[in-house]
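For reference, the structure discussed in these notes is given below.
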Amino acid sequence: MTPFPAPPMRLGFAAKVLGRPDLKSNDARKHPSNPHLRVSIGYLHAIFDYLHEHAVPMYRMSSDIAPYVTHPDLPRFHNQVRECRAELEALGKVARDRGLRLSFHPSQYVLLNSPDKKVTAQSVRDLVAQAEMLDVMGAGAEAVLVTHVGGTYGDPAAGRVRWAETYKTLPEPARRRLVLENDDLRFSAADVLAVHDRTGAPLVFDHQHYWCLNPERLDLRETVTKFLATWPAGVRPKVHYSSPRTELREVKRKDKATGKTKTALLPPVWTGHADFVNPFEFVQFLRAVDGLVFDVMLEAKAKDLALLRVRQDLPRYAPDQAGRFGLEPAPDGEPDPAGAEEPDAG
DNA sequence: CGATGTCAAGGAATC
DNA sequence: GATTCCTTGACATCG
């Protein structure tokens, strides 16, 4: 038992700020326009101010804030982190002063277990660049790089081993920040636990992925407990939470004969993310892991709007769980008063 | 100005 | 071996 009550668990969201359409998450211009990390840092100052205004304590930065920084054919972009040293230090100080927990989630192209050495080497370069940015910002150990195991290449066991081999060869700054997440199609919670046993890499538990892929039928609470125990002492673990999308999908496809674009309605895939967090299921999860301490990265499509919404729902529907996040119990009255919950339209 | 096409990048299923 | 989906936003271009 901890001698003192643990500080409140944190809720965070990723990348794009939907509550303020004018806030950009990264300089996304194409290379002929010479986009730059310096521009992205300016955008991040505005985002951090928004987070501060809304008391959002955790945020995942876009993995593309340094555009083309490792692009093999565009060396003129490779010095951005060094060019922005002072700017990164200043941005990091803002985050530190406000207790803002930061992270990156490298893109789908970062594959540490690819059999193709070039792909793996390129992935390592990306991780090193992102780790370096966090280091220059002076971010604490809780600022991590979250990644998946990668592809199966027809042999999942070999894929796990290759990930572990690459992990051991990572430059220390990247290895120190890297954490591994269970995915929804290829590597289950049991799989990443096995990789942890080989490597010691901390694990992020993704709740939706656990429900999508759990052939070993691992128990929820036992598994979360094991995942949390993979983190070093003194570093708050983190889990990912999202609700599955249930709507029909509108899929556009080109008709071969006519060349015209047609739309079709297909059943939902449960790996898709819903706009918002289902409050009842979220509370059910929190109660299932009562007593465990972790931060929660929300991966809802409505981003910050989903965070603000669930933060409003929790005190109303589950005061016992809201307390874990430092949220005050809801005042008496209607569970969901009309018109009281819209965020600033801007 | 609104609609549409494109983007650095991989993997896997399908044919 | 080639095509398409996965999934994502925003830039860039077109009409």
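Small disclaimer: the values here were computed from a predicted structure and weren't measured. A note on names: the letters A, B, ... follow the listed sequences, proteins ahead of strands, and every chain is numbered from 1.
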What distance, rounded to whole Å, do you find between the two [atom1] atoms, one in [N] and one in [M]?
N: B:dA3; M: C:dT7; atom1: P; answer: 25 Å
N: B:dA8; M: C:dT13; atom1: P; answer: 12 Å
N: C:dT3; M: B:dT6; atom1: P; answer: 15 Å

Distance-only donor-acceptor pairs under 3.5 Å for side chains of residues 229-240 of chain A, two or more places apart:
| residue | atom | partner | partner atom | Å |
| --- | --- | --- | --- | --- |
| A:Thr230 | OG1 | A:Leu203 | N | 2.9 |
| A:Thr230 | OG1 | A:Phe227 | O | 2.5 |
| A:Trp231 | NE1 | A:Leu203 | O | 2.7 |
| A:Arg236 | NH1 | A:Pro8 | O | 3.2 |
| A:Arg236 | NH1 | A:Asp295 | OD1 | 2.8 |
| A:Arg236 | NH2 | A:Pro7 | O | 3.0 |
| A:Lys238 | NZ | A:Ser103 | OG | 3.4 |
| A:His240 | ND1 | A:Glu181 | OE1 | 3.4 |
| A:His240 | ND1 | A:Glu181 | OE2 | 3.2 |
| A:His240 | ND1 | A:Glu299 | OE2 | 3.3 |

Whole angstrom is fine here: how far is it from [atom1] in [X] over to [atom2] in [N]?
X: A:His148; N: B:dA9; atom1: NE2; atom2: P; value: 21 Å
X: A:His209; N: C:dC6; atom1: NE2; atom2: P; value: 15 Å
X: A:Asp64; N: C:dT7; atom1: CG; atom2: P; value: 18 Å
X: A:Arg245; N: C:dC6; atom1: CZ; atom2: P; value: 13 Å

With sugar-phosphate taken as primed atoms, P, OP1 and OP2 and all else as base, the protein-contact string of nucleotides 9-15 of chain C at under 4.0 Å (heavy atoms; B, S, -) is SSSS---
Could you write nucleotides 10-15 of chain B as a row of B, S and -, 5' to 3', where a protein heavy atom under 4.0 Å of any base atom gives B, of only sugar-phosphate atoms gives S, and otherwise -? BSS---
For DNA chain C, report each stem as range with range, ordered by first number, or say none. Use Watson-Crick or G-U wobble pairs under 3.5 Å, at least 3 in a row.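 Consecutive-pair runs (3 or more) involving DNA chain C: B:1-7 with C:9-15, B:10-15 with C:1-6.
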Return each pair, listed once, that meets ring pair (Phe, Tyr, Trp, His ring centres under 6.0 Å) where at least one residue sits in residues 164-193 of chain A; pairs must be two or more places apart or across chains.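 Listed by first then second residue: A:Trp163-A:Tyr167.
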Using side chain to side chain donor-acceptor pair (under 3.5 Å) as the criterion, list what pairs up with [X], not counting sequence neighbours.
X: A:Asn34; answer: A:Arg76
X: A:Arg160; answer: A:Asp191
X: A:Glu172; answer: A:Arg176

Name the atoms and distances for all side-chain donor-acceptor pairs under 3.5 Å in residues 124-132 of chain A, with sequence neighbours left out.
| residue | atom | partner | partner atom | Å |
| --- | --- | --- | --- | --- |
| A:Arg125 | NH1 | A:Gln122 | OE1 | 2.4 |
| A:Asp126 | OD1 | A:Thr70 | OG1 | 2.3 |
| A:Gln130 | NE2 | A:Ser63 | O | 3.4 |

Cut-off 3.5 Å, no hydrogens considered: what does the side-chain donor-acceptor table look like for residues 110-118 of chain A, sequence neighbours left out?
| residue | atom | partner | partner atom | Å |
| --- | --- | --- | --- | --- |
| A:Asn113 | OD1 | A:Gly151 | N | 3.4 |
| A:Asn113 | ND2 | A:Val149 | O | 3.4 |
| A:Asn113 | ND2 | A:Gly151 | O | 2.7 |
| A:Asn113 | ND2 | A:Gly159 | O | 3.4 |
| A:Ser114 | OG | A:Asp116 | N | 3.0 |
| A:Asp116 | OD1 | A:Lys118 | N | 2.9 |

Determine yes or no for a side-chain-to-main-chain donor-acceptor pair under 3.5 angstrom, with A:Tyr241 supplying the side chain and A:Phe282 the backbone.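 Pair found, side chain donor or acceptor close to backbone of A:Phe282.
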Option among A:Leu180, A:Val146, A:Val179, A:Leu178 that satisfies the side-chain contact (heavy atoms from CB on, under 4.5 Å) test with A:Pro202: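 When side-chain contact (heavy atoms from CB on, under 4.5 Å) is applied between A:Pro202 and each of A:Leu180, A:Val146, A:Val179, A:Leu178, only A:Val179 qualifies.
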Run the salt bridge (charged side-chain N to carboxylate O under 4.0 Å, His left out) test against A:Asp155 and tell me which residues pass, sequence neighbours left out.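 Testing A:Asp155 for salt bridge (charged side-chain N to carboxylate O under 4.0 Å, His left out), a comparison that skips the adjacent residues, returns none.
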Going by the rule salt bridge (charged side-chain N to carboxylate O under 4.0 Å, His left out), which residues pair with A:Lys93 if we only count those two or more places apart in sequence or in a different chain?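 Salt bridge (charged side-chain N to carboxylate O under 4.0 Å, His left out) list for A:Lys93, sorted by chain: A:Asp97.
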So, OP1 or OP2 of C:dT7: does either fall under 4.0 Å of a side-chain N or O from A:Ser107?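 Result: no.
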Looking for any heavy atom pair under 4.0 Å, which part of the strands does A:Asp73 touch: base, sugar-phosphate only, or nothing?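 Contact class for A:Asp73: none.
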